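Computed from a predicted structure; not experimentally measured.
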Amino acid sequence: MRDIFLDLKGSFISENELEAISPEIMAAQELLLHKKGISSDMTGWVDYASNINIEEYNEIKKSAKYIKDNCDAFILLGIGGSYLGAKAVVEAIRGDFHNELTSPKIYYAGQNLSGAYLKNLVEVVKEKDICIIVISKSGTTLETAVSFRIIKELMEQKYKQEANNRIFVITDKEKGALKNISNINNYKTFVIPDDIGGRYSVITPVGLLPMAAAGLDTDEFINGLKSGAEDYKNKNFNDNICCLYAAARNILNRRGKDVEILVNYEPSCISISEWWKQLFGESEGKEGKGVFPASLNFTTDLHSMGQFVQEGRKIIFETSVIIEDSKIDIVVPYDDKDFDKLNYISGKKLSFLNKNAFEGTFMAHNEGDVPGIVIKVPEMNEFYLGKLFYFFMMTCGISGYTNNIDPFTQPGVENYKKNMFRLLGKR
């Protein structure tokens with residue numbers, strides 16, 4: 001069976017450098033796997049797939065079927081880890097125009113404070129049959145709570161008492177505003193595990209319910225997680241791509257490469273980069289440490305940011321995620337007049353052009369002294385996406401422990417909230 005592959009040949013990292021840092025990396029892996037590091041009580045994601053609650057999982061599938069059978073569209077309300085992972089998986093699997101091609105349609109709310117956005121969303125969905133999935137550990141996260149209040153009112157006006165059957169909640173097991181509201185209204189609820197933080201929660205009901213409601217094969221996603229958990233616990237440094245990727249990131253950072261750009265060549269993978277940025281940004285950005293996670297979408301951004309990557313400040317390294325096989329493709333047609341001079345590529349698939357664009361770009365950036373790492377994914381399906389997510393999460397945990405920081409908390413996030421609530425007059 002083909003597997004996710006890590007290529008460091010363009011990283012400018014020598015075998016001696018990898019060997020020198022390997023004791024640090026393997027010590028960090030040991031802390032993570034054996035739950036001995038800081039905030040080890042937040043590492044439930046490491047073995048979650050193997051210990052999944054089958055009864056709850058069956059309830060997730062049952063609720064997903066209700067959503068698919070009873071609505072034209074569903075709205076996912078959440079912010080940060082409460083929606084980014086699910087959005088990334090749905091878009092990567094269902095494709096760029098999935099709302100036009102597939103049912104149910106999927107919309108997102110609770111991830112901003114824009115009145116225009118929410119007003120327009122209400123206009124779009126008010127005549128549709130809708131369900132909503134609300135995700136919040138506390139139920140008081142401002143963006144999500146405000147959106148829920150507004151959309152709940154729409155639901156109650158539209159469906160009266162039946163609205164309660166169309167609202168699905170993922171929240172704390174026992175406490176919090178959203179849990180209390182759910183108890184009063186008898187909403188169907190699922191649990192956000194106490195030992196898994198938001199940015200790692202895509203593998204829990206937080207991600208699984210929206211995925212299943214979108215028609216994705218969550219069994220295969222979980223199989224991908226299990227495969228990752230098995231493969232990436234390997235204690236042979238040279239055979240474990242999580243350890244090698246964590247090592248490469250730290251070596252390059254210690255050389256002054258402070259920005260990692262995650263590059264994709266498929267528009268449907270843009271939200272994977274958004275999830276990845278939160279994962280590494282919140283996990284590593286502490287105590288004046290951490291690689292700044294950025295993303296670019298090629299070939300589009302080669303026509304805007306390509307110049308800076310090629311010849312700008314040498315603070316960047318590039319990690320390209322390449323999908324090797326595409327099930328959907330199109331061929332460049334032949335044109336008798338050939339005014340655009342493209343007949344030399346007529347008959348070629350666009351995937352072939354995209355592959356050559358990647359190889360040419362990678363070579364050019366290497367020549368411009370930009371280190372390059374390549375992650376090759378055999379194809380974009382639920383199995384490989386589950387394994388890719390686990391690969392990034394495991395790498396992130398190892399990398400954080402290598403830097404002697406806590407990769408499972410986000411104390412800095414609370415600072416803006418204090419100021420915002422004070423300005424809003426909250427008591």
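Within the 4.5 Å cutoff, side-chain heavy atoms of I135 are placed close to those of I192.
For S63 and K188, the side-chain atoms include no donor-acceptor pair closer than 3.5 Å. N164 and N186 share no donor-acceptor pair across their side chains, judged by distance under 3.5 Å alone. D219 and Y57 share a side-chain donor-acceptor pair at under 3.5 Å. For the 3.5 Å distance criterion, the side chains of S268 and E91 fail to qualify, holding no donor opposite an acceptor. Checked by atom type, the side-chain pair T171/K179 shows no donor-acceptor distance below 3.5 Å. The closest side-chain donor-acceptor pair between T102 and R94, if any, does not fall under 3.5 angstrom. One side chain, S39 or D406, offers a donor N or O that lies under 3.5 Å from an acceptor on the other. Remark: the D172 side chain and the S138 side chain contain no N/O donor-acceptor pair separated by less than 3.5 Å. Looking only at atom types and distance, the side chain of N70 has no donor-acceptor partner in the side chain of D129 under 3.5 Å away.
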**Asked** What do the steps show when you test V309 against L296 for side-chain contact (heavy atoms from CB on, under 4.5 Å), and what is the final call?
**Response** CA-CA 10 Å; V309 175; L296 291 174; 3.8 Å; yes

**Request:** Kindly determine whether I150 and L154 satisfy side-chain contact (heavy atoms from CB on, under 4.5 Å), including the steps that lead there.
**Result:** CA-CA 7 Å; I150 291 168; L154 169 67; over 6 Å; no

**Request:** Assess whether side-chain contact (heavy atoms from CB on, under 4.5 Å) is satisfied between E274 and L262, documenting all intermediate values.
**Result:** CA-CA 10 Å; E274 295 303 307; L262 193 73; over 6 Å; no

**Message:** Evaluate L244 against F237 for side-chain contact (heavy atoms from CB on, under 4.5 Å), listing each step before the verdict.
**Reply:** CA-CA 7 Å; L244 289 168; F237 174 76; 3.7 Å; yes

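Closest non-hydrogen pair, K314 versus D369, comes out as CD-O, 4.4 Å. V124 and K128 get closest at one heavy-atom pair: O-CE, 3.3 Å. Heavy-atom minimum distance, I13 versus L252: CD1-CG, 3.9 Å.
In this structure, Y232 and Y390 have parallel ring planes: the angle between them is below the 30° cut-off, well short of the 60° mark. Ring-plane geometry between F391 and Y245 is classed as parallel, the angle between the planes falling under 30 degrees on a 0 to 90 degree scale with a further cut at 60. Aromatic ring pairs are classed by plane angle as parallel below 30°, tilted from 30° to 60° and perpendicular above 60°; the pair F408 and Y401 is perpendicular.
For the pair E382 (side chain) and D217 (backbone), a donor-acceptor distance under 3.5 Å is present. Here the side chain of N51 pairs a donor or acceptor atom with the backbone of D47 at under 3.5 angstrom. A donor-acceptor pair under 3.5 Å is formed between the side chain of N53 and the backbone N or O of E56. Panel note: side chain S271, backbone A88; no donor-acceptor pair is recorded below 3.5 Å.
Note that R166 lies in the cation-pi zone of Y159, set by a 6.0 Å cut-off to the ring centre and a 45° limit from the axis. The cationic group of K105 does not satisfy the cation-pi geometry with F74, failing either the under 6.0 Å distance to the six-membered ring centre or the 45° limit from the ring axis.
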